[in-house]
2 protein chains.
Amino acid sequence: MRLTLQGRVRKRRTISQSFPRVLQLASCEHRATDLAKAKRVQKWQRDPEGMRLRILEAAKQEFAAHGLAGARVDRIATNAGANKRMLYYHVGNKEDLYLAVLEGAYEKIRSEERGLDLEHLDPPEAIERLIDFTWNYFLRNPEFLALLNTENLAKARHLKRSTKVKSMHSPFVEMIRTVVTRGVESGDFRVAVDPVQLYISIAALCFFYLSNSATLSVIFGRDLLKKEARDERLAHMVALVLAALTGKSTADFGKAVGQGVRAPAHQPV
Amino acid sequence: MRLTLQGRVRKRRTISQSFPRVLQLASCEHRATDLAKAKRVQKWQRDPEGMRLRILEAAKQEFAAHGLAGARVDRIATNAGANKRMLYYHVGNKEDLYLAVLEGAYEKIRSEERGLDLEHLDPPEAIERLIDFTWNYFLRNPEFLALLNTENLAKARHLKRSTKVKSMHSPFVEMIRTVVTRGVESGDFRVAVDPVQLYISIAALCFFYLSNSATLSVIFGRDLLKKEARDERLAHMVALVLAALTGKSTADFGKAVGQGVRAPAHQPV
DNA sequence: GAAGAAATTAACCCGTTGGATAAATACTGG
DNA sequence: CCAGTATTTATCCAACGGGTTAATTTCTTC
């Protein structure tokens with residue numbers, strides 16, 4: 001009893017105390033428009049939209065770091081500089097939060113994908129750009145990888161319900177289709193590979209390495225995320241795919257391969 | 001109060017009631033040695049080793065299905081046909097269970113890997129066998145994929161502590177090294193690709209497709225696990241890797257590519 | 001400047017969960 | 001067949017964690 005009470009009080013205090021420290025978080029594009037006069041003055045103590053963004057950002061980090069079941073609503077609140085009640089007020093319950101985060105993640109990558117213009121490049125260069133983009137997007141957004149894994153653990157249960165995500169088509173499959181067609185016509189590529197399979201393969205090469213870098217690093221006994229290892233991996237992937245498509249070993253392929261992260265003979269795996 | 005009590009009672013009953021039904025689970029190689037006579041007679045109501053195996057099997061399924069945080073010790077007990085106390089008695093607490101499962105999973109794949117003999121095959125065929133094995137192992141052991149993802153979510157925290165796993169070297173890297181060397185010497189392969197990179201790439205192509213099949217299936221709006229899709233994927237992967245290594249389009253590559261799971265023009269991604 | 005809406009906070013409820021205890025039961029060696 | 005050990009069961013509980021309620025503060029509008 002006494003203990004129970006203490007426990008509770010301590011918990012509460014923890015939340016309250018750590019609350020004031022926040023505010024270093026995400027995108028508060030407000031706070032520029034406060035002139036303290038006109039009708040639309042907002043000198044916010046309150047900041048609904050900023051709050052919502054901070055909540056979603058904190059939720060993203062939390063879900064990415066701990067998965068759906070491991071995520072703690074209290075931690076999200078604390079890290080968003082918010083009260084737990086605010087999460088329910090602004091977004092909804094834990095699953096709502098999760099779905100909002102997931103949808104946001106898809107929106108973001110789709111949006112960046114659309115920014116990639118492969119039309120004016122010659123086919124091999126276009127493919128290289130595609131791999132480079134995918135690789136660097138995953139590197140810059142490790143939470144995206146974690147979220148996808150979490151959602152797959154849940155057998156895509158939430159994604160299935162999201163009409164939003166289902167309507168967000170990636171432009172990449174079509175981009176690849178036209179690039180491959182052009183490549184075959186120009187003679188750069190030998191075969192008209194299925195764009196869906198190629199798309200998945202490129203994603204796979206990047207995704208697996210980064211998503212599983214922790215276990216792989218332990219298994220191989222070296223840090224797969226350090227600069228040299230990353231560079232070598234990118235070179236390998238580009239060389240592999242281009243060699244398969246063009247039938248020629250690229251300069252990179254000849255160079256990168258067979259050296260670099262060389263296994264010391266008795267390589268653990 | 002009344003409710004609280006009812007809840008508890010209901011739970012308890014549930015465990016006890018569902019207990020008798022078990023016994024369809026894993027490897028009970030015992031029960032053949034019971035002659036009900038000699039010193040070592042074991043006509044078990046009790047069955048310590050069988051019990052331990054059932055617990056580990058149930059734990060594997062549970063952790064694979066729900067992750068570490070989402071796994072429920074009670075469910076493991078129920079599905080093992082055991083009492084919760086038995087888990088602690090035979091294996092340990094939740095994390096001990098998890099680590100035991102993880103180590104078991106690595107042991108199993110390492111053991112099967114050792115059974116694969118690539119020495120007597122000509123290099124392209126050896127690579128094809130390697131891909132085929134990896135693909136089918138992942139298909140047959142989806143829990144392995146889920147466990148790896150879970151462990152990576154935990155940043156390999158447990159794996160790092162497991163001297164056991166760290167000492168289990170995969171024979172594949174060395175296998176690949178010799179195959180590639182032979183391939184280059186025989187002229188089958190154009191370049192001496194780094195065996196570690198190739199190993200990771202092959203695992204990546206298989207792993208990502210299967211591990212993410214749930215979300216990918218939603219995104220693409222079709223079932224990526226049905227027979228035809230699986231066959232096409234395997235063909236694509238073999239063709240991709242062999243084309244890169246040999247510089248020639250395999251028959252398969254020409255065939256499989258550009259057809260099959262074709263995207264209906266406006267393919268969602 | 002007051003009424004009302006929007007945002008925020010504190011308090012806490014209550015089922016779940018990992019884990020623990022102790023008692024019962026099955027088996028063994030002597 | 002008895003003492004002791006190994007295995008199993010039936011309860012229990014403190015802490016946790018998601019979610020809710022009600023009150024408070026801040027902003028808007030008229």
Side-chain angles (χ1 to χ4, degrees), chain A residues 1-17 19-20 34 36 38-52 54-55 62 66 68-78 80-98, chain B residues 1-17 19-20 34 36 38-52 54-55 62 66 68-78 80-98:
Chain A
M1 290 247 156
R2 196 170 44 75
L3 276 175
T4 309
L5 190 55
Q6 282 189 344
R8 275 188 179 161
V9 169
R10 205 186 317 123
K11 193 169 109 188
R12 302 270 159 62
R13 285 294 170 273
T14 305
I15 295 173
S16 325
Q17 283 170 348
F19 159 61
D34 50 350
K39 276 183 172 179
R40 291 229 156 270
V41 173
Q42 290 173 330
K43 52 171 187 263
W44 300 128
Q45 211 76 330
R46 303 196 175 172
D47 182 0
E49 16 238 302
M51 174 65 89
R52 185 160 202 276
R54 294 205 312 275
I55 289 172
E62 180 71 13
H66 304 282
L68 179 50
R72 293 293 163 256
V73 173
D74 276 327
R75 261 192 315 240
I76 295 174
T78 303
N83 187 294
K84 194 165 45 152
R85 183 66 182 80
M86 301 302 299
L87 311 190
Y88 294 92
Y89 185 76
H90 285 286
V91 187
N93 63 19
K94 197 185 187 185
E95 289 229 327
D96 295 336
L97 275 169
Y98 172 76
Chain B
M1 286 258 152
R2 197 171 44 74
L3 277 175
T4 308
L5 190 57
Q6 282 189 346
R8 276 191 177 156
V9 169
R10 203 185 318 122
K11 193 170 110 187
R12 300 269 160 61
R13 285 293 171 275
T14 304
I15 294 173
S16 325
Q17 284 171 347
F19 160 62
D34 50 351
K39 276 182 172 181
R40 292 227 153 270
V41 172
Q42 291 172 331
K43 52 171 187 270
W44 300 132
Q45 213 76 327
R46 304 194 176 176
D47 182 1
E49 17 236 302
M51 175 64 88
R52 185 160 203 277
R54 292 204 315 274
I55 289 172
E62 179 70 13
H66 303 282
L68 179 50
R72 293 294 165 255
V73 173
D74 274 327
R75 265 194 309 241
I76 295 174
T78 304
N83 186 294
K84 195 163 46 149
R85 182 68 182 79
M86 303 300 299
L87 311 191
Y88 295 93
Y89 184 77
H90 285 287
V91 186
N93 63 18
K94 198 186 186 186
E95 289 230 326
D96 295 336
L97 275 169
Y98 172 76

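Numbers restart at 1 for each chain; the letters A, B, ... are given by sequence-line order, proteins then strands. Since we're looking at a predicted model, the values are computed, not measured.
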Least distance between heavy atoms, B:G92 atom then B:L97 atom: O-CG, 4.2 Å
A:N83 CG - C:dA10 P separation (whole Å): 6 Å
Selected nucleotide, minimal atom distance to B:M51 side chain, candidates D:dT8, D:dG19, C:dG18: D:dT8
Atom-to-atom span, CG of B:D74 to P of C:dT16 - whole angstrom: 11 Å
Sugar-phosphate only, base, or nothing, as touched by A:A71 at under 4.0 Å among non-hydrogen atoms: sugar-phosphate
Reported CD1-to-OH distance for the pair A:I55 and A:Y89, which is rounded to 0.5 angstrom: 11.0 Å
Side-chain heavy atoms of B:Y88 within contact of B:V73, under 4.5 Å: yes
Worked verdict on A:K94 versus A:L87 for side chain to side chain contact (heavy atoms under 4.5 Å, CB included): CA-CA 9 Å; A:K94 197 185 187 185; A:L87 311 190; over 6 Å; no
Proximal nucleotide (of D:dT9, D:dG18, C:dT8) relative to the A:Y88 side chain: D:dG18
Main-chain N/O of B:R72 paired with B:E62 side-chain donor or acceptor, under 3.5 Å: yes
Closest non-hydrogen atom pair between B:M51 and B:G81, with its separation: CE-O, 4.4 Å
Rounded distance (Å) that lies between atom C1' of D:dG19 and atom CD of A:E95: 14 Å
d(NZ, A:K84; C1', D:dC16) in whole Å: 10 Å
A:I55 CD1 to C:dT8 C1', straight-line distance once rounded to whole Å: 11 Å
Distance, rounded to the nearest Å, where A:M86 contributes CE and C:dA10 contributes P: 12 Å
All N/O contacts under 3.5 Å from nucleotides 21-24 of chain D to the protein, with atom names and distances to one decimal?
from: D:dT21; atom 1: O4; to: A:R85; atom 2: NE; distance (Å): 3.0

CZ on B:R85 to NE2 on B:H90, rounded to 0.5 Å: 9.5 Å
Distance below 4.0 Å between A:R72 side-chain N/O and D:dG18 OP1 or OP2: yes
Atom-pair distance (NZ on A:K94; P on D:dT20), nearest Å: 14 Å
Shortest side-chain distance from A:V73, nucleotide among D:dG18, C:dT8, D:dT9: D:dG18
Nucleotide C:dT8, atom C1' - distance to CZ of A:R54 in whole Å: 12 Å
5' priority, DNA chain D, between A:A69 and B:Y89 [closest heavy atom]: B:Y89
Under-4.0 Å side-chain N/O to phosphate OP1/OP2 contact, B:H90 with D:dA6: no
